[in-house]
Amino acid sequence: MELPIEQDGMHYEGMCIRPPSEAYSILLPVTLGCSLNKCTFCGTYKDKRFTIKDDKIILSDILFASKVMRRQDKAFLMDGDALVIPQKRLMWILDRVREHLPWVKRVGAYANAKSLRMKTPEELLALRENGLGILYYGVETGDDELRKKIHKGTSARDCIEMGRKAKQAGFRLSVTVLLGIAGRKRSLEHARATGRLLSEMDPDFVGALTVMLIPGTPLYDEHRSGEFDLPDEAELMRELREMILHTDLTRGLFYSNHASNYLPVKARLPRGKQEALDLIDRALNGQVALRPEWMRAL
Ligand code: SF4
């Protein structure tokens, strides 16, 4: 297919995010926004209407990257859930990455239950064999009552089934969970239910983030009206402790080193569980310094 090419830089639009582990990857904007865009705590894509970018724009960005990003051996497909792109087009994108960025060893993308459900096991396998190696899945919580409240749109069971489907296709699976999202009252229920979800899903990586209140989101308004009470530092640490206590992974890495957290923890489970719990206990006793508020960020 002959396509007109503009090579004037990458076509980034608005706020662009990527997982911390993709900080040095080639960031390829293949979609705009998130196809769900309803979670009450999330303001990332509020100003974007979900679209899949035009093929010629995607190819232009890949060609631009092929000229100036020759040292980056990973690529990440932005924005929200690139896995939602229809199979033929997504395979085409991966083909172009292989063709023009042959030094890229792994491609990553965000995924969710909807996009994983749309793909057959055979399609997922074909994507993995074509270079898509890791999926990042924001599950946030295993508490179904809370999932409804924050408009995640799917159940904990959906997450478990879709996570397993991704793993069966051979993907590395990285899952994020959200500390503080239950507020004060349901904090420990959220922690236990999330630990159970993670244990059943058994991802390779779990990243715990702490909820931050973003103006313009429904959660921010709930907080302002007194409906949502953000747990304090000690409560958040107890929540993290309870979550780790209830998480049994075969060989996964649980970490809370994201800038939004007060206490960075990194534990290879199950081996490192006790050490992580001890560290949190020391922090709760004031023996470990927490990240100061001014250094916290999303
Ligand atoms: S949290 Fe994820 S799924 Fe929810 S609106 Fe934000 S980007 Fe979309």
Looking at [Y] and [X], is any side-chain nitrogen of the basic one under 4.0 Å from a carboxylate oxygen of the acidic one?
X: Arg184; Y: Glu235; answer: yes
X: Arg117; Y: Glu161; answer: no
X: Arg89; Y: Asp55; answer: yes

From [X] [atom1] over to [Y] [atom2], what is the distance, rounded to the nearest 0.5 angstrom?
X: Leu240; Y: Ser256; atom1: CG; atom2: OG; answer: 5.0 Å
X: Lys119; Y: Gln87; atom1: NZ; atom2: CD; answer: 5.5 Å
X: Leu179; Y: Leu230; atom1: CG; atom2: CG; answer: 11.0 Å
X: Ile85; Y: Leu127; atom1: CD1; atom2: CG; answer: 10.0 Å
X: His223; Y: Phe228; atom1: NE2; atom2: CZ; answer: 8.0 Å
X: Leu197; Y: Glu140; atom1: CG; atom2: CD; answer: 11.0 Å

Donor-acceptor under 3.5 Å ([X] side chain, [Y] main chain):
X: Asp158; Y: Ala113; value: no
X: Tyr220; Y: Phe41; value: no
X: Glu123; Y: Thr120; value: yes
X: Asn285; Y: Asp281; value: yes
X: Ser66; Y: Leu101; value: no
X: Asp81; Y: Cys34; value: no
X: Arg282; Y: Gln287; value: no
X: Lys165; Y: Leu116; value: yes
X: Ser60; Y: Lys56; value: no

Validation row: [X], [Y] side chains within 4.5 angstrom (heavy atoms):
X: Lys152; Y: Cys39; result: yes
X: Ile150; Y: Thr141; result: yes
X: Met78; Y: Tyr12; result: yes
X: Asp248; Y: Leu269; result: no
X: Val97; Y: Asp95; result: no
X: Lys114; Y: Thr154; result: no

Can [Y] be reached from [X] by stepping across I, L, V, M, F, W or Y side chains whose heavy atoms are under 4.5 Å apart?
X: Ile17; Y: Leu32; result: no
X: Met237; Y: Tyr255; result: yes
X: Tyr24; Y: Tyr110; result: no
X: Leu36; Y: Phe50; result: no
X: Ile62; Y: Ile52; result: yes

What's the shortest heavy-atom distance between [X] and [Y], and which atoms?
X: Arg172; Y: Phe205; result: NH2-CZ, 3.5 Å
X: Val175; Y: Val139; result: CG1-CG2, 3.5 Å
X: Ala75; Y: Leu28; result: CB-CD1, 4.4 Å
X: Lys273; Y: His246; result: NZ-N, 4.5 Å
X: Cys16; Y: Asp79; result: SG-OD1, 4.2 Å
X: Trp103; Y: Ala65; result: CZ2-O, 4.2 Å

Looking only at the aromatic ring of each residue, does the gap between the centers of Tyr136 and Phe76 stay below 6.0 angstrom?
yes
Side chains of [X] and [Y]: is there a donor and an acceptor less than 3.5 Å apart?
X: Ser155; Y: Asp144; answer: no
X: Asp143; Y: His190; answer: no
X: His151; Y: Thr40; answer: no
X: Ser187; Y: Glu239; answer: yes
X: Lys53; Y: Thr31; answer: no
X: Asp202; Y: Thr250; answer: yes

